[in-house]
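Predicted model only: the values in this text are computed from it and were never measured. The residues of the chain are indexed from 1 along the displayed sequence.
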Amino acid sequence: METLSFEVQIEATPEKVWSVLWNDISYRQWTTAFTEGSFYEGTLEEGTLVKFFDPNNNGMYSRVEKNIPNKEIKFLHLGEIYDGVEQPQDWGEATESYILEETESGTTLKGIIQTPEEFKGFFEDKFPKALGIVKNLSENQL
């Protein structure tokens, strides 16, 4: 398992950044860095399952391990979805965390990912782009 860490400074409040991350419309915008047309289904309450889809009804499903609004959310990735059908995977502790820390000039957004080696290159390429879009949306939306 590889641990990857990404960070961006954003000139916006943690509340604004959180809203950009998880509001349906802005979520669809920043996740284009991963796959155009991405969206999620489910709530972000601790213990619930969330399904992350591409436009072809493929993706993955995860359990919300932690949710402290405007501060931190952590997902445990459980499996993949093909044609809308869940397929459990033995990924161990494959997690994705978003941590927001208030600063004098706004917010530090950290993304920490525990991933199998096979996905490392994907995240190293795509995650900084995604955080750049979150920064842009957070600083430029009303």
Side-chain angles (χ1 to χ4, degrees), residues 1-82 84 86-142:
M1 195 70 65
E2 297 280 334
T3 300
L4 306 175
S5 184
F6 305 94
E7 184 175 307
V8 65
Q9 303 297 320
I10 302 173
E11 292 181 24
T13 65
E15 292 80 9
K16 176 66 177 177
V17 175
W18 186 267
S19 175
V20 166
L21 285 170
W22 308 117
N23 173 282
D24 182 56
I25 293 169
S26 52
Y27 176 87
R28 291 172 187 258
Q29 293 173 320
W30 72 265
T31 56
T32 59
F34 300 110
T35 301
E36 189 79 34
S38 295
F39 65 99
Y40 73 88
E41 290 181 352
T43 69
L44 299 177
E45 295 173 30
E46 283 186 19
T48 63
L49 288 182
V50 178
K51 297 179 181 182
F52 300 95
F53 289 106
D54 69 13
N56 300 316
N57 218 23
N58 299 317
M60 67 180 175
Y61 63 100
S62 309
R63 182 173 55 243
V64 180
E65 294 286 291
K66 178 188 268 188
N67 184 345
I68 304 170
N70 306 315
K71 292 193 182 298
E72 181 178 359
I73 193 162
K74 180 178 182 179
F75 300 99
L76 175 65
H77 300 310
L78 302 173
E80 297 176 317
I81 302 170
Y82 292 106
E86 295 176 11
Q87 298 180 353
Q89 300 293 316
D90 186 16
W91 289 330
E93 287 297 309
T95 60
E96 192 169 331
S97 299
Y98 297 83
I99 301 165
L100 291 74
E101 297 175 355
E102 190 167 8
T103 65
E104 285 186 19
S105 61
T107 304
T108 299
L109 172 59
K110 295 179 184 176
I112 301 174
I113 301 167
Q114 295 268 104
T115 184
E117 174 74 30
E118 64 191 282
F119 300 119
K120 180 181 177 187
F122 174 82
F123 282 118
E124 287 176 333
D125 178 47
K126 305 293 186 183
F127 217 85
K129 295 174 185 172
L131 292 184
I133 297 170
V134 172
K135 174 181 173 67
N136 185 45
L137 291 170
S138 298
E139 292 178 348
N140 295 307
Q141 282 188 348
L142 297 178

Query - Y27 side, atom OH; W22 side, atom CH2 - distance, nearest 0.5 Å - result: 6.0 Å
Query raised in the report: Quick check: are there more than 12 heavy atoms from other residues, nucleotides or ligands sitting under 6.0 Å from OH of Y82?
Result: no
**Report entry** For F123 against P128, the heavy-atom pair lying closest together
**Finding:** O-CD, 3.7 Å
Query raised in the report: When rounded to the nearest 0.5 angstrom, what is the spacing between CE in M60 and CZ in F53?
Result: 11.5 Å
Report task. Mind listing the closest non-hydrogen atom pair of E80 and Y61 along with its distance? Result -> O-CE2, 3.7 Å
Report summary line: So OG1 of T107 and CD of E15: to nearest 0.5 Å the spacing works out to 7.5 Å
Report summary line: Closest heavy-atom pair, E7 versus L131, reported as atoms and distance to 0.1 Å, is N-CD1, 4.1 Å
Query raised in the report: Is it true that a side-chain atom of E41 and a backbone atom of K51 form a donor plus acceptor pair closer than 3.5 Å?
Result: no
Query raised in the report: Quick one: CD on E96 to NZ on K74, what's the gap to the nearest 0.5 Å?
Result: 12.0 Å
Query - From CZ (F34) to NZ (K129), nearest 0.5 Å - result: 10.5 Å
Report task. Decide yes or no for F127 and L4: does some side-chain heavy atom of the first lie under 4.5 Å from some side-chain heavy atom of the second? Result -> no
Requested in this report: Determine, step by step, whether L78 and L49 satisfy the side chain to side chain contact (heavy atoms under 4.5 Å, CB included) criterion, reporting the C-alpha distance in whole Å, the side-chain angles of both residues, the deciding distance to 0.1 Å, and the verdict.
Outcome: CA-CA 9 Å; L78 302 173; L49 288 182; 3.6 Å; yes
Query raised in the report: Does the side-chain hydrogen bond (donor to acceptor under 3.5 Å, both in side chains) test come out yes or no for E11 and Q9, once each step is laid out?
Result: CA-CA 7 Å; E11 292 181 24; Q9 303 297 320; over 6 Å; no
Query raised in the report: Does anything in residues 111-122 pair up under side-chain hydrogen bond (donor to acceptor under 3.5 Å, both in side chains), and if so which pairs, sequence neighbours excluded?
Result: T3-Q114
Query raised in the report: Are any non-hydrogen side-chain atoms of S138 and W18 less than 4.5 angstrom apart?
Result: no
Query - Side-chain touch D24/R28, heavy atoms, less than 4.5 angstrom - result: yes
**Report entry** Within-4.5 Å side-chain heavy-atom neighbours: L21 and V134
**Finding:** yes
Query raised in the report: Which of parallel (below 30°), tilted (30 to 60°) and perpendicular (above 60°) describes Y40 and F52?
Result: tilted
Requested in this report: Evaluate the side chain to side chain contact (heavy atoms under 4.5 Å, CB included) criterion for residues I73 and V64: first the C-alpha distance (whole Å), next the side-chain angles of each, then the deciding distance (0.1 Å), finally the verdict.
Outcome: CA-CA 7 Å; I73 193 162; V64 180; 4.3 Å; yes
**Report entry** side-chain contact (heavy atoms from CB on, under 4.5 Å) partners of E45, counting only residues at least two apart
**Finding:** T43, T48
Query raised in the report: Is the backbone N or O of N57 less than 3.5 Å from a side-chain atom of D54, with the two atoms forming a donor-acceptor pair by type?
Result: yes
Query raised in the report: Considering residues at least two apart in sequence or located in another chain, which fulfil the side-chain hydrogen bond (donor to acceptor under 3.5 Å, both in side chains) criterion with K71?
Result: none
**Report entry** Worked verdict on N58 versus I81 for side chain to side chain contact (heavy atoms under 4.5 Å, CB included)
**Finding:** CA-CA 5 Å; N58 299 317; I81 302 170; 5.7 Å; no
Report summary line: Rounded to the nearest 0.5 angstrom, the CZ-CD distance for F119 and E2 is 13.0 Å
Report summary line: For L100 and P14, the nearest pair of non-hydrogen atoms, with its separation, is CD2-O, 3.4 Å
Query raised in the report: Should the ring pair F75 and H77 be called parallel, tilted or perpendicular, given that the plane angle runs from 0 to 90° and is split at 30 and 60?
Result: parallel
Query - Close side-chain approach of T95 and L76, heavy atoms under 4.5 Å - result: yes
